[in-house]
Amino acid sequence: MKKFIAIPLFLLLAGCNDATSTESANTAPSTGTTKTLLVDSQLHDCVGVAPMKCMKVKELPSGEWSLFYQNIDGFEYKAGTEYTLKVNVTDIPNPPADAPSVKYTLIEVVDKK
C-alpha cells in the first residue's frame with residue numbers, strides 16, 4: 001500500500017521541476033545591433049491593436065517607407081521634422097503574442113530637418 005502512495009507522490013514532485021536555470025540561459029539579454037533609421041516628418045494612420053498614428057521609417061534614403069508601430073525608447077517625435085536616428089535594436093526573449101519581438105533604443109539623433 002505504501003508503494004502505491006509513494007510512486008504517484010514521486011511523479012507529482014518530479015513534475016514540479018524549477019526550469020529557471022535553462023530559461024535564464026535562453027533569455028539572457030543580447031547586446032543588439034545598431035541601425036540607422038530615417039523618420040518621415042508626419043505621422044500616418046495605421047492599425048495595430050486599435051487605430052493609431054505611426055511613424056514611417058526607412059533604413060536607406062533610396063528605400064521604401066514602412067509603417068513603424070513601436071516606440072523608440074529615448075526618442076521624442078515632433079511633427080514637421082524629418083529625423084535620421086541611430087538606434088540599438090535588441091531582441092525581446094519570449095514576447096507575448098501581441099507584442100513586438102524587438103526593442104528600439106535611441107543612441108543619437110544624427111540629423112533633423
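All of these numbers come straight from a predicted model, not from anything done at the bench.
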Thr36 vs Thr84 side-chain heavy atoms within contact, under 4.5 Å | yes

Applying salt bridge (Lys or Arg N to Asp or Glu O under 4.0 Å), which residue pairs with at least one partner in residues 31-48 are found, sequence neighbours left out?
-> Lys35-Glu59, Asp45-Lys53

Would you mind listing the cluster partners of Met52? Hydrophobic ones only (ILVMFWY), side-chain contacts under 4.5 Å, chaining allowed.
-> Leu67, Tyr69

How would you list all residue pairs meeting salt bridge (Lys or Arg N to Asp or Glu O under 4.0 Å) that involve residues 62-83, not counting sequence neighbours?
-> Asp73-Lys103

Closest approach of Trp65 to Lys56 (non-hydrogen atoms, all atoms of both residues) = CZ3-O, 3.3 Å

Is there a chain of hydrophobic side chains (I, L, V, M, F, W, Y, each step under 4.5 Å between heavy atoms) that links Ile72 to Val102?
-> yes

Side-chain donor/acceptor of Tyr77 to backbone N/O of Val39, under 3.5 Å | no

Listed by chain and number, what are the side-chain contact (heavy atoms from CB on, under 4.5 Å) partners of Pro100, not counting sequence neighbours?
-> Gln70

Say you draw a straight line from CE of Met55 to OG of Ser41; how long is it, rounded to the nearest 0.5 Å?
-> 12.5 Å

So if you build clusters from Ile, Leu, Val, Met, Phe, Trp, Tyr with side-chain heavy-atom gaps below 4.5 Å, do Leu38 and Phe68 land together?
-> no

Side-chain donor-acceptor contacts of residues 104-113 below 3.5 Å, not counting sequence neighbours, with atom names and distances?
none

Please report the C-alpha distance between Cys54 and Leu43 in whole Å, then the side-chain angles of each, then the deciding distance to 0.1 Å, and finally whether the side-chain contact (heavy atoms from CB on, under 4.5 Å) criterion is met.
-> CA-CA 5 Å; Cys54 293; Leu43 295 178; over 6 Å; no

Pair listing, ring-ring contact (aromatic ring centres under 6.0 Å, His included) test, anchored in residues 83-102, at least two apart | Phe75-Tyr83

Carefully, step by step, assess Thr33 and Asn88 under the rule side-chain contact (heavy atoms from CB on, under 4.5 Å).
-> CA-CA 6 Å; Thr33 58; Asn88 187 43; 5.6 Å; no

